[in-house]
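This report concerns only the one structure given below.
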There are 2 protein chains.
Amino acid sequence: MSDEHLKLDNMLCFALYACSREMTRLYRPLLDDLGLTYPQYLTMLVLWEEGEATVKHLGERMYLDSGTLTPLLKRLEQSGLVTRERSRTDERVVVIGLTDAGRDLKAQAQDIPKKLMCKSNLQMDEFNHLKNEFESLLKRMQALKD
Amino acid sequence: MSDEHLKLDNMLCFALYACSREMTRLYRPLLDDLGLTYPQYLTMLVLWEEGEATVKHLGERMYLDSGTLTPLLKRLEQSGLVTRERSRTDERVVVIGLTDAGRDLKAQAQDIPKKLMCKSNLQMDEFNHLKNEFESLLKRMQALKD
DNA sequence: TGTTATTTGATTGCACACAATCTAATTGTT
DNA sequence: AACAATTAGATTGTGTGCAATCAAATAACA
């Protein structure tokens, strides 16, 4: 019965993969109102939290590399939400900052987490439980990338 | 302290998003040996399980639409692993089948789940626990897409 | 100091994801 | 039979993801 191991229904990884896409699908209509995609929203979250950040730092926060971030950040710049400037002390570093419009967008984003909790029918304790499990799994997998 | 809701570290969705990418990253080196990407591997799993399937059915199993599947299936056809044929009873339907090479690849894929369990340092009971949680979350989110 | 190594982003190329639109085929209704 | 509605895939366009490669700048050190 070794075939059972290969069955799609059995696979943890598939559940994770499908869950992740379903979740971003729940976000989509809310983010459309802000004119953001989900990864762009994550980027703005970091910037709202920290004011500004280097490309490298954004990559570390979101586990994304420059091949993904550079075009994404250029689109956010095009949208007038962020600025991109080379650091004067180290010309290799690009610092991403917020424009006024980018800062203002935060107000519109404030109620997204609440709307999503409602939409997903999750109670606060379930929510936290799941988050903790994902985060511990993430940490374990992160530890394996040597 | 409503800002806390917007903090990246707090977000269930981000944990899911990052976990999912980390997991496919764990698969990548194993799948490279088979010449498959992760979504291609999922497609082959369904075909190994069911022998053949319509594009529609593959989409339902994996929650993917034709815009994703059509080019992916063409690549699998190019690789000589699957066949694509219009159904004779309903010309709208495209049936995806396995070639001999596609069937043979299953043998090489047999030990991927085991390798991955080792790699991820998960015990069987943890594995099943997580899988169940993901699947119930997935089911709940699926129920919301009306 | 001069050279090597490392770091930081950018670029390129390929493969998803997915919305929107289109075409062809089938089904339903009258 | 005639025609509207539905269904299955294909196509197009935009936006990630990520490996591989590159160039410029900085750090390290013999």
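Naming convention: chains lettered A, B, ... in sequence-line order (proteins, then strands); numbering from 1 in each chain.
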Provide, to the nearest angstrom, the distance between the [atom1] atom belonging to [X] and the [atom2] atom belonging to [N].
X	N	atom1	atom2	answer
B:Glu22	D:dG17	CD	C1'	12 Å
B:Arg88	C:dT26	CZ	C1'	18 Å
A:Leu42	D:dG17	CG	P	9 Å
A:Leu76	D:dG15	CG	C1'	11 Å
B:Leu58	D:dG9	CG	C1'	12 Å
B:Glu60	D:dT7	CD	C1'	12 Å
B:Arg25	C:dC16	CZ	P	17 Å
B:Leu69	C:dA17	CG	P	10 Å

Answer yes or no: does a side-chain N or O of [X] lie under 4.0 Å from OP1 or OP2 of [N]?
X	N	answer
A:Arg86	C:dG9	no
A:Tyr17	C:dA17	yes
A:Arg28	C:dA19	yes
A:Lys74	D:dT14	no
A:Gln40	D:dT16	yes
A:Arg84	C:dA10	yes

Subject >> Closest to side chain of A:Lys56, choosing from C:dG9, C:dC18, C:dA25 >> reply: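 Looking only at heavy atoms from C-beta outward on A:Lys56, the closest nucleotide is C:dG9.
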Subject >> Residue B:Val93, side-chain atoms from C-beta onward, closest of C:dG9, D:dC18, D:dG9 >> reply: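 Among the listed nucleotides, the one closest to the side chain of B:Val93 is D:dG9.
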Give one of base, sugar-phosphate or nothing for [X], where a contact means two heavy atoms less than 4.0 Å apart.
X	value
A:Asp90	sugar-phosphate
A:Arg75	base
A:Ser20	nothing
A:Thr24	nothing
B:Leu72	sugar-phosphate
A:Thr68	base
A:Thr43	nothing

Original post:
Is the distance between the ring centroids of A:Phe134 and B:Phe134 under 6.0 Å?
Top reply: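 Under 6.0 Å, so yes.
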Subject >> 5'-most by nearest nucleotide on DNA chain D - A:Tyr38 or A:Arg92 >> reply: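 The residue mapped nearer the 5' terminus is A:Tyr38.
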Original post:
Should the pair B:Glu135-B:Arg140 be classified as a salt bridge under the 4.0 Å nitrogen-to-oxygen rule?
Top reply: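 No, B:Glu135 and B:Arg140 are not salt-bridged.
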Exam field: side chain [X] to backbone [Y], donor-acceptor pair closer than 3.5 Å:
X	Y	result
A:Thr70	A:Gly67	no
B:Ser87	B:Thr89	yes
A:Arg86	A:Arg92	yes
B:Thr99	B:Gly102	yes

**OP:** Confirm from the modelled atom types if B:Thr37 and C:dA15 form a donor-acceptor pair under 3.5 Å, side chain to base only.
**Re:**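 No.
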Subject >> Base D:dA8 paired with B:Ser66 side chain (donor-acceptor, <3.5 Å) >> reply: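 Not at all, since no donor on one side and acceptor on the other fall under 3.5 Å apart.
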